[in-house]
There are 2 protein chains.
Amino acid sequence: MNMRIPKPTLERLPLYHRAVESFMAKGREAISSQELGREIGVDDYQVRKDLSWLGAGGRPGYGYDTSYLLARLEEVLGLTREHTAVVIGAGHLGSALSQYSGFRRYGLQILALFDRDVTKVGKYLGDIPIFDIRELGRIIKEQQIPLAIITVPAREAQRVVDLAVEAGVKAIWNFAPASIQVPPGIILRNEDLAVGLATLSHYIVYGQPSD
Amino acid sequence: MNMRIPKPTLERLPLYHRAVESFMAKGREAISSQELGREIGVDDYQVRKDLSWLGAGGRPGYGYDTSYLLARLEEVLGLTREHTAVVIGAGHLGSALSQYSGFRRYGLQILALFDRDVTKVGKYLGDIPIFDIRELGRIIKEQQIPLAIITVPAREAQRVVDLAVEAGVKAIWNFAPASIQVPPGIILRNEDLAVGLATLSHYIVYGQPSD
DNA sequence: TAGATTGTTAATCGATTAACAATC
DNA sequence: TAGATTGTTAATCGATTAACAATC
């Protein structure tokens, strides 16, 4: 229980979180591994194995207490804390992500957008101000922002990542279709639409594994 | 070489594809597993193992012929064919994805947007028409569209997925933060921002594996 | 209590890593 | 040829699946 949570498990935790939220909303006080598994599409032993990493406090013959389980999930996922972020690149995708209400629900606050297009600079998107990309370093440093979301074109991605890292962000969430390098210790997550599209395309053409 | 390509390998293929494209653009005729690996951040033996699934035609002492490798990657990824798709949900994210130029580069053509908001219906986003969600079944059937991209709110996701599946799509690319069920044989890929955000949040709070 | 369901241990599966003989 | 680099086999690692004793 005190070892590092395996990555595949960690990526399922948000799904459990959502499922538990919805069971709670229905007034359920307890939930079994089987029900939870059915909801997110994994087997019951997978659920128990995953939740055992959290010390989720399941009781034999009863299941998991929904409110305790939810609290554990939120703690482990870091959702009990507020995080701030900036979005670099105020194009279609950057704008859409900045407005995405789901982020607020997970405690993420987008403080600023950056773009190099001077016609955008100075404006607001909702209540998020758009700054010149040259202000990036200063603002990240001043506000000690830990996360930069990258939505610039591929050819500019590495450059703005370097600026963000240099200014002290801890993590990069990259939506640009580009392979990015970061120094050791910096967290990098690629959300690469090309990967999704290409794998779907492969399955559409050749059929999927279980066929 | 004739077995099913492992999923982790398949998800790296688009990255190889991009890297090979960029080496070709620089005029390189051959590329070694080591160079390719450095570019996308994996080891050389991983690259050779992955490419061995394709019959990539590497030559000892020389490397891989860039144009042949690119052709093999495009074939396996299904990028040599055009695919059509619809986007269901014309909100911020749906609009951004519809406009995303990267899709065209991968042979994906978005034929229509759907929304239930009648003030949007009948308008165009770029050259993509917005239809009433009630037209969904008819249009998917008539044009035999294989892919539906889901960008509606979570609570409506399952319903529109069911409509799309019923109309005959082969694959669902789900951007809604919801656990979706599809019948066997239908390809489902979840592009769940909550998963990305929650795992980043965990790493920001607790540090990442290699720390 | 009896039935239900957990947490954990063991077995299996599959991917990554390493090593090297084959060969351009 | 000699050096470089592949494809493949074997070893390792880690996650999933299965089974069950423990226990609420």
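Predicted model only: the values in this text are computed from it and were never measured. All chains are named by letter (A, B, ...) in the order of the sequence lines, taking the proteins before the strands, and each is independently numbered beginning at 1.
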Of Gly63(B) and Pro6(A), whose closest DNA chain D nucleotide lies nearer the 5' terminus?
-> Gly63(B)

Between Asp50(A) and Asp44(B), whichever has its closest DNA chain D nucleotide further toward 5' is Asp44(B)

Does [N] have OP1 or OP2 under 4.0 Å away from a side-chain N or O of [X]?
X        : N      : answer
Gln34(A) : dT5(C) : no
Ser33(B) : dT6(D) : yes
Arg48(B) : dT9(D) : no
Tyr64(B) : dG7(D) : yes

Can you tell me how far [atom2] of [N] sits from [atom1] of [X], to the nearest Å?
X        : N       : atom1 : atom2 : value
Tyr45(B) : dA4(D)  : OH    : P     : 20 Å
Leu10(B) : dT16(C) : CG    : C1'   : 17 Å
Lys49(A) : dA19(D) : NZ    : P     : 15 Å

Do we get Arg48(B) above Tyr45(B)'s six-membered ring, with its NZ or CZ under 6.0 Å from the centre and within 45° of the axis?
-> no

With under 30° as parallel and over 60° as perpendicular, where do the rings of His202(A) and Tyr206(A) fit, or are they tilted in between?
-> tilted

Presence of salt bridge, Glu39(A) and Arg18(A), under 4.0 angstrom | no

Are Ser67(A) and Asp65(A) linked by a side-chain donor-acceptor pair shorter than 3.5 Å?
-> yes

Show me the protein contacts with nucleotides 22-24 of chain D, counting only N or O atoms at under 3.5 Å.
from, atom 1, to, atom 2, distance (Å)
dC24(D), O3', Arg59(A), NE, 3.2
dC24(D), O2, Pro60(A), O, 3.1

